[in-house]
Amino acid sequence: MSAMQVDAQEIDESLYSRQLYVLGHEAMRRMAGSEVLVVGMKGLGVEVAKNVVLAGVKAVGVWDEGKAEVGDLGTQFFLREEDIGKSRASVTAPRLAELNSYVPVHEVTGYPEVTIDMVKKYQVVVMTNTPLAKQLEINDYCHANGIAFISADVRGLFGSVFNDFGSKFTCVDPTGESPLTGMIASIDRDADGIVTGLEESRHGLEDGDYVTFSEVKGMTELNGCEPRKVTVKGPYTFSVGDTSNLSDYVSGGIFTQVKMPKVIEFKSLRESLKSPELFITDFAKFDRPATLHVGFQALAAFVDQHGRLPRPRHPHDGKLVIELAKQIAKDAGNTDELDDKVLTELAYQSSGEVSPMVAVIGGFVAQEVLKAISAKFHPMVQSMYFDSLESLPTELPHEDDCQPINSRYDGQIAVFGAKFQQKINEQRQFLVGSGAIGCEMLKNWSMMGLGSEGHGVIHVTDLDTIEKSNLNRQFLFRAKDVGKFKAESAAAAVAEMNPALKGKIIAHQDRVGVETENVYGDDFFAQIDGVTNALDNVAARQYMDRRCVFYQKPLLESGTLGTKANTQVVIPFMTESYSSSQDPPEKSIPSCTVKNFPNAIEHTIQWAREKFDEFFVNPPTNVNLYLSAPNFVEQLKASGQQLDQLKTVRKYLVSERPRSFEECIEWARLKFEDDYVNEIKQLLYNLPKDQVTSTGQPFWSGPKRAPDPLEFDINDPIHFEYLVAAANLHAFNYGLKGDTDPAVFKRVVETMKIPEFQPKVAKIQVRDDEPVTNETEGADEDVGSILSGLPQPSDMAGFRLNPVGFEKDDDSNHHIDFITAASNLRALNYSITTADRHRTKLIAGKIIPAIATTTALAVGLVCLELYKIIDGHKKLEDYKNGFVNLALPFFGFSEPIAAAKNKYGNTEWTIWDRFDIRGNPTLQEFIDYFKNEHKLEVSMVSSGVSMLWSSFTPAAKSKERLPMKMSELIETVSKKPIEPWVRSVIVEIMCDDEETGDDVEVPYVLVHLQ
C-alpha cells in the first residue's frame, strides 16, 4: 500500500492523537508508507528505533551482527543480563515490536556486514556504531538513489549527526507553525500594495512570507489569489506588491499565510567531510564543531590503525588522536586552530557511552528520520556536533578510576570514573509524575544506576492511570497496562531493565499538594537529595518549586509542546526558582466576542464548550444539590444567582424533564432553534445589518461580522450531528437509553411544531465592561413562586440526574461530537470557516501536542544537568537551561539566572535564605531575638493569614500573647491545631532597622517546634 493510499480514517487517532497535533494527518499518511532501517542495536540505535516505532512508520528493520555485552546494559534498555552473548538484533527486534502493534519490526538477516543490497528497499537508512568507510560506501549509494541517509554516534559526552536527504529535498512545511491569519483594515491600490491590519492586531509576518486573501470587498481579485510575497513595513502593515491594476478596495478582508515548499540541496558525506556545513547547537561553543568535525574523523582513523577505540583517559592514546586530527586538518587544507583540550577529552571518553547523551542524540535523529519521510519540518543541514563537557565532575577522574570492571555501568565509568558512579548509585531522588517525561526519566535513571545501591532510592508519584493515548509516547507502558496506575507500572518496568532497582524504587499514587504534606513533609524531604518534575500543569510545578525552596533542595524542571522543549535547573543559594519568572498569562477571548461577535473558529469553539456545561453539566449538578443539600437555596441567595438557577432547576426537574428518548430529540431540536435561529434573529433585531455607530461608521465592520440565522435541515450532516449528540447527552443526564438511528430522529423532528420567533426588547452587550440586562422568560417571577412549583426533596428520595463529566479522549461519548457540531453551526451563522473534529478536540480539550522524540531529547538534557547536581561543586556558569525546537531545528542554552539579592543593613539575602529559630520560643523571646541578634525592631508577626501580634495590638492582648509559645500562639489565633507531622512553621515579620528606623524587608522566619 502506498503512502497516498492510506486514508486518514485508518490512522488510529485514539493512539496517535497527541502526535497528530504535531505532525498532522498528511505527514502521518506519508510515514505509514515508509520503511526505515536502523543499523546498530547498541544504546543509540535502539533509542532511535524506539522513537521511530512509536511514531508509526510502515516498518522498521534492525541490523546488528554483534553479541550483547555487559557494558551494553548501561544504555541499551531492551537488553537483559540473560541476553549477554546473544545477538543484539535478535533479542531487541521483538521487544521493539511490542511498542506499537501497527509497526512491524524485523531483524535484517543474511548479511554479515551492511551492503548496498541490504539498504535498497528502505526510504531512510540510519547508521550507528559503523566504521566511517562503511558510512561512505552506503551514503554514496543512498545519495545517488534517493534514499535518505543519517549517520550518528555517541562518544562519552560527545555526539555527532550527519544528514543527507538527497541533492534536491523538498520540505513542505519548514516550521510546523499554524499559518498566521488576520483581519484587514485597508489595502492601498498602488505599486506597493500596502495592507494594514486592524488596530492592536500585529500581523506577525516576516519578509519573504507569502499570503493569500479572502472576504475582501471591492478588490475582489485578491480573494483566493496565488500566494503573494510579503515585505514587512511595520508591525501592522506589509506590502504584497503592485495592486494598481486591481479594483478599488472597499472594506473587510482576511489575509492568511501560505506555507511555501523549500528545496534543500544536501551534499554527500564524502563531500561534507572536506567542506562541512556545520549546525550550531550552542553559540557559547561556536568554534567547537569545527574541532569535533576533525576529531571524529581522527577517532575513525585511530580505530582503523589500532582496531579499537582509545582507552579511557589514556594519555598516549589521547596524543595519537590529536596528531591524527592535525594531520587530517592539514590534508584538507584546514588552517583553523584546533582545540587540543576538546580533542583530548574526545579521545579519553570515546569508549564510553552514557544514557543521557544517547537520549539527546537519539531523540534528535529520530525526528530527522520523520522529517525525511514526511517532508514536515526543516531538516538539520548538515553536520551536527553536540557535547556536554560541563557535566564532567569538577575533580576529573584518574585513568585507573575509569577502567572497565565488567559492570553494566562500564560505559559511564569510562567517562565519570568509578567513584562518581558510586555517588550516582547512592542518589535519593523524588520524581513527580510518570507520564511521558516521567517514563523517559526513569529509563535514563535505571541505565545510569541512579539510586540503585546503599541508601539510594527513587520515589515516584503519579495518581493517573494509563490510557490508550498514553502508549504513543509513554514507552514504558503496553496495551496490557491500560487502566493500571502509571507510577506502579513505570516502576516495575524500569526495575526489569535494571534489577538493582528492585526494592529501590518506591511508587506512590498521590497528588502533590497541601493535602499530602503529611506524606511529603519534613521527614520525607530530609531523606532525599533532590526533586525532578515531570508534570503537565503550572500550578503543580509552582507548588513543588515552593517546596524545594522551603526545603532547600535542587529542582530539575522540563516541559514539551510538540517539537518544542525547555529545561530549567534550580540550585539552592545559586539560581532563581522556577516561579521567579513566569510566562505572560494566556490571552483570553473577551466575553462579548464569544457571546455576540465571534470572528474566528476559536471563538465558536469556546462558545460551544460553554454550552456543553450550560446544558449537560451545571443544571444536573444544581438539581442534585437542590435535592440533597439542605442549604442550597441559601447558598444561591448568597451568590446572587438565586432566581436564574432555580428556574433552571425547575426546567430540568419539572417542565422540561423528558420521559423518553424521543422527548430528548425534541429538546435538542428546540435548542437548535433557540441558539442558531432565534438568538441570531434577536441580535439582528437589536443591531440590524445597516446599523451605524455614533460616528456614522457601519457597526458591522472590522472584527464584527454580521450573522445570519440558519434554517434547520435534518439532511444537513452538521445539523444532524448536533441533534444526535445533544439528544444523547440529554438522555444520559436522565438515565435514558440513547439512539443514533437517523430514522428515529427524522420521525420525531417531522412531527414537531416549532414556535414562531417573537422579538423582545433587550440590551446587547457590545463591550466587556457593559452590564448584561437581557430580559428573560418569566422575569416577573420571584423565588417563592418558583419554589412553590418545585417538588420537595423528601418526595424525590433516590432520584438524581447524571451530570456529564467532560472526557475528550472517548470517541463514543458524544462530548467532542457535540462541541464540534455546536461550534460549526455557530461558525456557519457568522460565515467563519468550520473546523473538523480533530482540531476542535485540540482546542476544546486544551490538549498539549506531544511526540516521543522531543520528550526523549528533553529528558536527556535534564539528566546531563543531574550529573552536575550530583557532583555538587559546580558554578552558576556550569549549569545550562535549554530551549529546543526540533522543527526548525534550534538549540539554545543559557546559564540560569542568579537568585535576586535583597538587603537589610549590611546583610544580603535571597529567596533561599530564612531565619532559623529553634526551641519553640515564646513570642517575647521571638521579638527579643531579632532586637538583640539582628538589631531589628519587630513591628508585626503573622503566620499564614493570621496576624499573631503587632505594635498596635492592645496592651491587654499583648500581655496575654507575649508569654505564649509560638505553637500555642498560632493555634490560639488561627483556631486550628498544628498537625502532628508539622515540625516547623513559617512566620513572617515586619521590621524596622534599629539604627535608622526605616522599614526593611527581611526573609521569613522558620520556627522549629521541636
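The shown structure was predicted, so the numbers you read here are calculated from the model rather than taken from an experiment. Side chains included, hydrogens not; waters and symmetry mates left out as well; all remaining heavy atoms used.
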Item to check | Straight-line distance of C439 SG to N444 CG, nearest 0.5 Å | outcome: 11.5 Å
Checklist entry - Could you go step by step and tell me if E488 and K484 meet the salt bridge (Lys or Arg N to Asp or Glu O under 4.0 Å) rule? => result CA-CA 8 Å; E488 285 185 358; K484 297 178 182 177; over 6 Å; no
Checklist entry - Take atom CZ in R478; do more than 12 heavy atoms of anything else shown fall under 6.0 Å from it? => result yes
Checklist outcome for this item: The single option from D836, D809, D810, D817 that satisfies salt bridge (charged side-chain N to carboxylate O under 4.0 Å, His left out) with K841 is D809
Next on the checklist: If you apply the rule side chain to side chain contact (heavy atoms under 4.5 Å, CB included), what do you find for V103 with K58, and how did you get there?
Outcome noted: CA-CA 6 Å; V103 181; K58 181 181 179 181; over 6 Å; no
Checklist entry - What is the distance from atom CD of Q429 to atom CD1 of I458, rounded to the nearest 0.5 Å? => result 8.0 Å
Next on the checklist: Show, in sequence, the C-alpha distance, side-chain angles and deciding distance for L79 and V46, and conclude whether the side chain to side chain contact (heavy atoms under 4.5 Å, CB included) test is met.
Outcome noted: CA-CA 10 Å; L79 292 179; V46 78; over 6 Å; no
Checklist entry - So, for F524 and H459, is the gap between ring centers shorter than 6.0 Å? => result yes
Item to check | Interatomic spacing from CG in L96 to CD in E107 - rounded to 0.5 Å | outcome: 11.5 Å
Checklist entry - Would you say the side chains of Q123 and S34 form a donor-acceptor pair under 3.5 Å? => result no
Checklist entry - Between R95 and E98, is the closest basic N to carboxylate O distance under 4.0 Å? => result no
Checklist entry - Yes or no on side-chain hydrogen bond (donor to acceptor under 3.5 Å, both in side chains) for N885 and T563, after CA distance, side-chain angles and deciding distance? => result CA-CA 5 Å; N885 186 344; T563 60; 2.9 Å; yes
Checklist entry - Any Lys/Arg nitrogen of D811 or R837 sitting under 4.0 Å from an Asp/Glu carboxylate oxygen of the other? => result yes
Checklist entry - How far does OG1 of T516 sit from CG of D510, to the nearest 0.5 angstrom? => result 6.0 Å
Next on the checklist: Determine whether Y520 and H508 satisfy the following criterion, side chain to side chain contact (heavy atoms under 4.5 Å, CB included), listing intermediate values before the conclusion.
Outcome noted: CA-CA 11 Å; Y520 308 112; H508 307 257; 3.2 Å; yes
Checklist entry - For the side chain of S434 and the backbone of A487, is there at least one donor-acceptor N/O pair under 3.5 Å apart? => result yes
Checklist entry - Charged N to carboxylate O under 4.0 angstrom, E47 versus K443? => result yes
Item to check | Derivation and outcome, ring-ring contact (aromatic ring centres under 6.0 Å, His included), residues F818 and F616 | outcome: CA-CA 11 Å; F818 172 82; F616 312 117; 5.0 Å; yes
Checklist entry - Any salt bridge between K504 and E453, counting N to O under 4.0 Å? => result no
Checklist outcome for this item: Heavy-atom nearest pair, D739 first then V724, reads O-CG1, 4.5 Å
Next on the checklist: Are there over 12 heavy-atom neighbours, none belonging to Y21, within less than 6.0 Å of that residue's OH?
Outcome noted: yes
Checklist entry - Under the side-chain hydrogen bond (donor to acceptor under 3.5 Å, both in side chains) criterion, do N425 and Q421 qualify, and how do the steps go? => result CA-CA 6 Å; N425 293 348; Q421 180 64 52; 2.8 Å; yes
Checklist entry - Any donor-acceptor pair under 3.5 Å linking the side chain of N733 with the backbone of L801? => result no
Next on the checklist: Check whether S452 reaches the backbone of L501 with its side chain - one donor and one acceptor, N or O, closer than 3.5 Å.
Outcome noted: no
Next on the checklist: Within this structure, what is the CE-CG distance for the pair M41 and D64, rounded to the nearest 0.5 Å?
Outcome noted: 7.0 Å
Checklist entry - Could you go step by step and tell me if E721 and H814 meet the side-chain hydrogen bond (donor to acceptor under 3.5 Å, both in side chains) rule? => result CA-CA 9 Å; E721 288 163 10; H814 301 290; over 6 Å; no
Checklist entry - Hey, mind stepping through K50 and E440 against salt bridge (Lys or Arg N to Asp or Glu O under 4.0 Å) and telling me if it holds? => result CA-CA 12 Å; K50 176 259 288 184; E440 289 289 338; 2.5 Å; yes
Next on the checklist: Any heavy-atom pair between the side chains of L450 and L866 that's under 4.5 Å?
Outcome noted: yes
Item to check | Any donor-acceptor pair under 3.5 Å from W63 side chain to Y111 backbone | outcome: yes
Checklist entry - Would you say the side-chain atoms of Q76 and T92 include a donor-acceptor pair closer than 3.5 Å? => result yes
Checklist outcome for this item: CG of N498 to CZ of R80, rounded to nearest 0.5 Å, is 9.5 Å
Item to check | Derivation of the side chain to side chain contact (heavy atoms under 4.5 Å, CB included) call for E81 and R408 | outcome: CA-CA 9 Å; E81 291 177 358; R408 67 185 299 133; 3.9 Å; yes
Checklist outcome for this item: In short, A359 meets A856 closest at the heavy-atom pair CB-O, 3.5 Å
Checklist entry - Do T532 and M441 come close enough that some side-chain heavy atom pair is under 4.5 Å? => result yes
Item to check | Short side-chain to backbone donor-acceptor contact, D410 and N406, under 3.5 Å | outcome: yes
Checklist entry - With the threshold set at 4.0 Å, does a side-chain nitrogen-carboxylate oxygen contact exist between D12 and K468? => result yes
Checklist outcome for this item: Tightest non-hydrogen contact, residues Y16 and L54, listed as CE2-O, 3.6 Å
Checklist entry - So, for G43 and T75, which heavy atoms are closest and what is the spacing to 0.1 Å? => result CA-OG1, 3.4 Å
Next on the checklist: Using ring centroids (six-membered ring only for Trp), state whether F806 and F612 fall under 6.0 Å.
Outcome noted: yes
Checklist entry - Under a 4.0 Å N-O cut-off, is there an ion pair linking K42 with E353? => result no
Checklist entry - Given side chains that start at C-beta, do those of T461 and F430 come closer than 4.5 Å, heavy atoms only? => result yes
Next on the checklist: Looking at every heavy atom in both L37 and V62, which two are closest together, and how far apart are they?
Outcome noted: CD1-N, 4.4 Å
Checklist entry - Checking Q412 side chain against M448 main chain: does a donor-acceptor pair fall under 3.5 Å? => result yes
Next on the checklist: Any non-hydrogen side-chain atom of V354 less than 4.5 Å from a side-chain atom of Y409?
Outcome noted: no
Checklist entry - Could you walk me through whether R609 and D613 pass the salt bridge (Lys or Arg N to Asp or Glu O under 4.0 Å) check? => result CA-CA 7 Å; R609 181 65 182 85; D613 287 347; 2.9 Å; yes
Next on the checklist: Is it the case that the side chain of K486 and the backbone of L463 share a donor-acceptor pair, with hydrogens and angles ignored and the cut-off at 3.5 Å?
Outcome noted: no
Next on the checklist: Does either side chain, that of N537 or that of Y543, offer a donor lying less than 3.5 Å from an acceptor on the other one?
Outcome noted: no
Checklist entry - Looking only at heavy atoms, which two atoms of T560 and I848 are closest? And how far apart? => result O-CG2, 3.8 Å
Checklist entry - Are the side chain of N813 and the backbone of E807 linked by a donor-acceptor contact shorter than 3.5 Å? => result yes
Checklist entry - Is it true that a side-chain atom of T128 and a backbone atom of V39 form a donor plus acceptor pair closer than 3.5 Å? => result yes
Checklist entry - Do F364 and F386 have ring centroids that are under 6.0 Å from one another? => result no
Checklist entry - Can you check whether E69's main-chain N or O pairs, donor with acceptor, with D72's side chain at less than 3.5 Å? => result yes
